[in-house]
Amino acid sequence: MMNFKELTTQLLDWYDRNRRELPWRTETDPYRIWVSEVMLQQTRVEAVIPYYRRFLQRFPDMRALAAAEPEELLSVWQGLGYYSRARHLQQGVQEVQARYGGRMPDSREEISGLPGIGPYTAGAILSIAHNKPEPAVDGNVLRVFSRLLVIREPIDRLPVKRRIETTVREMMAGISRCGDVTQALMELGALVCVPRNPRCDSCPWQGHCAARLENAQDALPIRKAPALPRIVHVVTGLLLRDGQVLTVQRPPRGLLAGMWEFPSVESSDSPGTMADAERLLQERFRELGREITVLSAGQSLTHIFSHRQWQLRTFFCRDRAATIPGSVDAGRWLPLGRIESLNWAGPHRKIAAGLVSEMGKQIHEKGK
DNA sequence: AAACCGGGGAC
DNA sequence: GTCCCAGGTTT
């Protein structure tokens with residue numbers, strides 16, 4: 001079989017000479033490793049770094065995070081994406097406080113039971129923070145081994161992942177630097193064994209790589225074809241009054257949970273006419289206790305998520321009647337000067353910014 | 001197994 | 001435009 005001892009030695013030597021200085025590489029506190037690993041889920045290193053510094057400055061330890069207001073936590077996470085990560089992280093920290101007396105557990109069973117910690121993150125914390133021989137197989141590691149071993153099966157299949165976990169476990173056997181093995185494998189995938197145009201001439205494993213031997217590195221790894229994103233049409237109403245605009249908060253679960261937006265209606269097909277849009281918006285605003293009419297069309301824009309595509313059309317609205325009694329508190333009037341103070345749902349931030357510049361223009365016109 | 005859950009950088 | 005990122009949870 002394969003000489004794991006030699007592979008590991010070459011990998012660690014390469015890592016010692018080529019590793020990047022990253023903020024979490026100077027940390028040993030399991031909480032701080034935990035935070036970095038959650039932020040790095042499906043998120044690039046360069047994107048995480050500023051968020052990581054800000055987060056630890058605001059929440060330097062588990063006690064601070066456990067006691068934080070969810071609203072403030074969300075504002076620190078704003079822009080990173082996958083917002084359930086932040087909620088799960090706080091829940092996890094609170095659980096460590098309550099169940100483990102504030103001390104991070106160090107077994108895979110206990111750590112994996114915490115919200116937001118799956119197989120990868122558990123292995124990363126165990127190996128990096130506790131130096132235990134536990135594999136942490138992410139997209140980098142899958143790619144590296146799919147090439148080293150010429151795995152022609154799609155890497156997003158579970159059997160492939162299990163095989164690679166077993167391989168990493170064998171590499172870690174008898175090694176004193178388990179955390180560095182984990183980080184070195186990912187660093188190799190990030191710097192050398194990159195998705196396109198891998199730099200095989202710089203690779204410490206060039207003499208062992210089966211893909212390079214048969215010049216197959218550019219054809220690996222293989223992934224299953226992702227589902228096509230579904231197109232969703234969104235009609236958005238902008239109701240202005242006294243330099244304020246009406247905003248609403250999205251539900252606590254689901255897409256962009258808990259973030260703020262302008263009252264909107266989703267539909268699978270496009271509202272053909274402005275009258276159609278007005279009818280949809282009138283229903284929506286009625287839920288908020290308001291009778292409106294549509295004045296004019298505003299900007300249109302597209303926002304692409306990984307699994308969904310929003311086609312937004314905005315419409316300026318006007319109050320037609322007084323507030324309907326009994327539903328006063330639905331929605332919040334936001335002064336246009338304070339649009340930065342909300343956690344905006346995706347493209348609604350851009351709409352808000354456009355609104356301010358549009359109002360500025362109108363004031364300028366009036367002045368002439 | 002497949003769908004859901006963001007945003008952005010590299011090409 | 002396409003790919004894919006230090007993935008996890010839910011169905």
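Note that these values count all heavy atoms, side chains included, but never hydrogens, waters or copies made by symmetry. Residue numbers begin at 1 in each chain, while the letters A, B, ... track the order of the sequences.
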Undergrad: Less than 4.0 angstrom between a side-chain N/O of R230(A) and OP1 or OP2 of dC4(B), yes or no?
TA: yes
Undergrad: Is a salt bridge present between E291(A) and R318(A), judged by a nitrogen-to-oxygen distance below 4.0 Å?
TA: no
Undergrad: So W24(A), base contact, sugar-phosphate only, or nothing? Heavy-atom distance under 4.0 Å.
TA: base
Undergrad: Kindly point out which of dA6(C), dC5(B), dA1(B) is positioned nearest to the side chain of H307(A)?
TA: dC5(B)
Undergrad: Which part of the nucleic acid, if any, lies within reach of F305(A) when heavy atoms closer than 4.0 Å are counted: base, sugar-phosphate only, or nothing?
TA: sugar-phosphate
Undergrad: Would one find a side-chain N or O of R223(A) under 4.0 angstrom from OP1 or OP2 of dC4(C)?
TA: yes
Undergrad: Can you tell which of dA6(C), dC5(C), dG6(B) lies closest to the side chain of P195(A)?
TA: dC5(C)
Undergrad: Any base atoms under 4.0 Å from V141(A), or only sugar-phosphate, or nothing? Heavy atoms, all strands.
TA: nothing
Undergrad: So what does I128(A) hit on the nucleic acid, given a heavy-atom distance under 4.0 Å: a base, only sugar-phosphate, or nothing?
TA: nothing
Undergrad: With hydrogens left out and only the distance checked, is there a donor-acceptor pair under 3.5 Å joining T43(A)'s side chain and the base of dG6(B)?
TA: yes
Undergrad: Report the nucleotide, chosen from dA6(C), dC5(B), dA3(B), that has the shortest atom-to-atom distance to any side-chain atom of A227(A).
TA: dA3(B)
Undergrad: Salt-bridge test for R313(A) and E278(A): reply yes if a basic N is under 4.0 Å from a carboxylate O, no otherwise.
TA: no
Undergrad: Check whether Y51(A) forms a cation-pi arrangement with R54(A) (NZ or CZ under 6.0 Å from the six-membered ring centre, at most 45° off the ring normal).
TA: yes
Undergrad: For T121(A), which contact category applies under a 4.0 Å heavy-atom criterion: base, sugar-phosphate, or nothing?
TA: sugar-phosphate
Undergrad: On DNA chain C, check which nucleotide each of P115(A) and A124(A) is closest to and give me the residue with the more 5' one.
TA: A124(A)
Undergrad: Could you pick out which residue, R44(A) or L158(A), lies toward the 5' side of DNA chain B when each is mapped onto its nearest nucleotide?
TA: L158(A)
Undergrad: Within this structure, what is the CG-to-C1' distance between L114(A) and dG8(C), rounded to whole angstrom?
TA: 13 Å
Undergrad: How many Å lie between OH on Y82(A) and C1' on dA6(C), as a whole number?
TA: 14 Å
Undergrad: Quick one: label K224(A) by what it contacts on the DNA or RNA (base, sugar-phosphate, nothing), any heavy atom closer than 4.0 Å.
TA: sugar-phosphate
Undergrad: Rounded to whole Å, how long is the line connecting atom OH of Y83(A) with atom P of dT9(C)?
TA: 19 Å
Undergrad: Students often get this wrong, so: under 4.0 angstrom with heavy atoms, is S84(A) touching a base, only sugar-phosphate, or nothing?
TA: nothing
Undergrad: Give the rounded distance in Å between these two atoms: CG of D156(A) and C1' of dC3(C).
TA: 13 Å
Undergrad: Using a 4.0 Å heavy-atom cut-off across all strands, classify R87(A) as base, sugar-phosphate, or nothing.
TA: nothing
Undergrad: Taking any heavy-atom pair under 4.0 Å as a contact, classify P119(A): base, sugar-phosphate, or nothing.
TA: sugar-phosphate
Undergrad: Kindly confirm or rule out a cation-pi arrangement of R32(A) over W24(A), judged by NZ or CZ under 6.0 Å from the six-membered ring centre and within 45° of its axis?
TA: no
Undergrad: For a quick check of understanding: with a heavy-atom distance under 4.0 Å over all strands, which category does G254(A) fall into, base, sugar-phosphate or nothing?
TA: sugar-phosphate
Undergrad: Specify the separation, in whole Å, of atom CZ of R196(A) and atom P of dA10(B).
TA: 11 Å
Undergrad: Heavy atoms only, 4.0 Å cut-off, all strands: where does I304(A) land among base, sugar-phosphate and nothing?
TA: nothing
Undergrad: Is it the case that dG6(B) (base atoms only) and S306(A) (side chain only) share a donor and an acceptor within less than 3.5 Å, ignoring hydrogens and angles?
TA: yes
Undergrad: Please state how far atom CE in M39(A) lies from atom P in dG7(B), giving the value in whole angstrom units.
TA: 15 Å
